[in-house]
Colleague: 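One structure is given below, represented as structure tokens, and several questions about it will come after.
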Protein chains: 2
Amino acid sequence: MPRPSLKAERRAQILTAFGRCLARYGFEGASLERVAEEAGLARALIRHNIGNRDQLIDAFVTEFLERSRADTAALVAGLPKTGRVKRLIEDLFDPDYIDAEGAAIGSALLAAVDLHPGLSAAMLAWNGEFMAALAQILSSESTADAQALREVAAGLAALYANVEAMAAIDRQGTLRADSQRAALRLVATLPGLEALGRP
Amino acid sequence: MPRPSLKAERRAQILTAFGRCLARYGFEGASLERVAEEAGLARALIRHNIGNRDQLIDAFVTEFLERSRADTAALVAGLPKTGRVKRLIEDLFDPDYIDAEGAAIGSALLAAVDLHPGLSAAMLAWNGEFMAALAQILSSESTADAQALREVAAGLAALYANVEAMAAIDRQGTLRADSQRAALRLVATLPGLEALGRP
DNA sequence: AGGTTTATTGTCAAGTCCGATAATTTTGGA
DNA sequence: TCCAAAATTATCGGACTTGACAATAAACCT
């Protein structure tokens, strides 16, 4: 009998806009005014659909974590049966795959870890899950022990993060190319993957 | 005959405070009010000694570049005559050397590249100079070509940047330790440095 | 048509931020 | 003691930000 609820659409709309503002203006720069403008809605609708700023942040962070999990799951699912590591690196450093906005959101949240309760734990999980996925993939083609896998996974994650963070500056893409080859060098130090070092 | 000028001290005071705010609150969060409070000065004194916000940012950025250059110069100068690369990695990943605030400033500026004219060029130079210094050090103990040196330098820079960015989260220091060993793996792929891979 | 639930708009109050300018005070030297 | 230059303080106006609540409009159902 009532007017149909638009909460779901509005909510998605607002969270998307918040992500964009986060990427562009950073944590403190992502004001409700800007979010509302970006979403094409009146500011009061943020309050109506989600709540105050803290609640918006909480909602965004949980959604961000879910989406990140889905993204890495998709990345893993997209790998072939053989040559997984080779393909993983191609995907990670594929200029088309690189998501500058997602990276900007990640580093904005990371930098704001001390400004919002719970953010620290969320980002810790975020990073841990990604690294675990990388280590898992590496383990499928190498007999290295867990320690070695963690080391190389840390290297891959760092190279990937750095490329995305610098994407706005790396106009020529040389950093991207160099990082990709560095990634190959690194994985080639693992037993079973030596061949990737000499392409 | 006039009253003695305090511009130099005040200026340094203000730039230091701005750096702290930048690290804590990000680019948009580093308001003049906060900077003034952090510096223990009235806001009007920022205007008196440096100027408006844009001028403050410009002043900070040039000072930041100078200090970064001095820091890397000191890093290079502190290396021994032999075993330079080994020592470089020990220094880069030394928990005591790690400067969380400096890293936070760097990523805050990097994230704000589109928000302030000239910032993009400054951060490009910042990154380029650091990578060049790394490549230079590597070249002193390896016969690898410039391309290979760039690749490994990119890897080292990425690992270092990632460790500093995650420092706030990496309570146990496991990421730091893993990253350090990944760095050793990486440099050991260069001719002349193979020994560093097996410590 | 009328009623009910929801969306949407409008508006207010308190606090923050920035630029600007006018007092006022302090300090060293004549 | 008194002057000049600089530091410091005091204030203002306009814009932005957030929280809160009231009022209006829209959609669905009976």
Side-chain angles (χ1 to χ4, degrees), chain A residues 1-61 108 111-112 114-119, chain B residues 1-61 108 111-112 114-119:
Chain A
M1 80 264 266
R3 179 173 177 175
S5 176
L6 299 180
K7 289 247 176 185
E9 295 94 305
R10 292 287 175 258
R11 194 183 153 87
Q13 223 176 130
I14 292 166
L15 293 183
T16 299
F18 185 66
R20 261 195 253 281
C21 291
L22 216 47
R24 249 184 256 150
Y25 306 109
F27 191 79
E28 303 247 333
S31 71
L32 296 188
E33 301 274 4
R34 280 175 169 163
V35 173
E37 155 136 28
E38 174 73 32
L41 298 175
R43 185 169 62 88
L45 288 185
I46 296 178
R47 177 166 211 70
H48 180 64
N49 286 284
I50 296 191
N52 64 18
R53 186 165 207 271
D54 281 339
Q55 294 171 304
L56 171 59
I57 293 170
D58 287 337
F60 180 83
V61 169
D114 291 328
L115 299 179
H116 187 81
L119 203 46
Chain B
M1 79 260 271
R3 178 173 176 177
S5 174
L6 298 181
K7 289 247 173 179
E9 296 93 304
R10 292 286 175 260
R11 194 184 153 87
Q13 224 176 130
I14 292 166
L15 292 183
T16 299
F18 185 66
R20 262 195 254 281
C21 291
L22 216 47
R24 249 185 258 148
Y25 306 110
F27 191 79
E28 302 249 332
S31 70
L32 297 187
E33 304 273 3
R34 279 174 170 163
V35 172
E37 156 135 28
E38 174 73 32
L41 299 174
R43 184 168 62 87
L45 289 185
I46 296 179
R47 175 165 212 71
H48 180 64
N49 287 283
I50 296 192
N52 64 18
R53 185 164 208 271
D54 281 340
Q55 294 171 305
L56 171 59
I57 293 170
D58 287 337
F60 180 84
V61 169
D114 291 327
L115 298 179
H116 186 79
L119 203 46

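In what follows, chains are A, B, ... by sequence order, proteins preceding strands, each numbered from 1.
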Colleague: Looking at DNA chain C, which of residues 7-17 of chain A put a heavy atom within less than 4.0 Å of it?
Modeller: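 Contacts with DNA chain C under 4.0 Å: Lys7(A), Arg10(A).
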Colleague: Hey, does the side chain of Arg34(A) reach the backbone of Gly29(A) with a donor-acceptor pair shorter than 3.5 angstrom?
Modeller: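 At least one qualifying donor-acceptor pair exists.
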Colleague: Quick one: closest heavy-atom pair of Val35(A) and Ile14(A), and the distance?
Modeller: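 Where Val35(A) meets Ile14(A) most closely, the heavy atoms are CG1-O, 3.9 Å.
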Colleague: Cation-pi check for Phe60(B) against Arg20(B): NZ or CZ below 6.0 Å from the six-membered ring centre and within 45 degrees of the axis, yes or no?
Modeller: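 Verdict for Phe60(B): no cation-pi partner in Arg20(B).
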Colleague: Locate the shortest heavy-atom distance separating Ala39(A) from Gln13(A); write the atom from each residue and the value.
Modeller: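 Looks like O-OE1, 3.3 Å.
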Colleague: Quick check on the helix from dA1(C)-dT30(D) to dA30(C)-dT1(D): what's the angle between its two end axes, five base pairs per end, to the nearest 10°?
Modeller: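 Taking five pairs per end, the axes differ by 10°.
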Colleague: Could you tell me how far apart Arg3(B) (CZ) and dT27(C) (P) are, to the nearest whole angstrom?
Modeller: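 My rounded result for the distance is 6 Å.
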Colleague: Are the side chain of Lys7(B) and the backbone N or O of His48(B) linked by a donor-acceptor pair below 3.5 Å?
Modeller: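 Such a contact is found between Lys7(B) side chain and His48(B) backbone.
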Colleague: Show your reasoning for whether side-chain contact (heavy atoms from CB on, under 4.5 Å) applies to Leu119(B) and Phe27(B).
Modeller: CA-CA 12 Å; Leu119(B) 203 46; Phe27(B) 191 79; 4.2 Å; yes
Colleague: Less than 4.0 angstrom between a side-chain N/O of Ser5(A) and OP1 or OP2 of dA7(C), yes or no?
Modeller: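 For dA7(C), OP1/OP2 do have a side-chain N/O of Ser5(A) under 4.0 Å.
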Colleague: Leu115(B) and Arg24(A): which non-hydrogen atoms are nearest, and at how many Å?
Modeller: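 Between these two residues, the closest heavy atoms are CD1-O, 3.7 Å.
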Colleague: Looking at Ala30(A) and Arg53(A), what are the two nearest heavy atoms and their distance?
Modeller: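 Closest heavy-atom pair between Ala30(A) and Arg53(A): O-NH2, 2.9 Å.
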Colleague: If you compare all heavy atoms of Leu15(B) against all heavy atoms of Ile50(B), which two are closest, and at what distance to 0.1 Å?
Modeller: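 Where Leu15(B) meets Ile50(B) most closely, the heavy atoms are CD2-CD1, 3.9 Å.
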Colleague: Contact list please: residues 30-57 of chain B against DNA chain C, heavy atoms, distance less than 4.0 Å, in numerical order.
Modeller: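 The answer is Ser31(B), Leu32(B), Glu33(B), Arg43(B), Arg47(B), Asn52(B), Arg53(B).
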Colleague: Looking only at heavy atoms, which two atoms of Ala108(B) and Leu22(B) are closest? And how far apart?
Modeller: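 Where Ala108(B) meets Leu22(B) most closely, the heavy atoms are CB-O, 3.9 Å.
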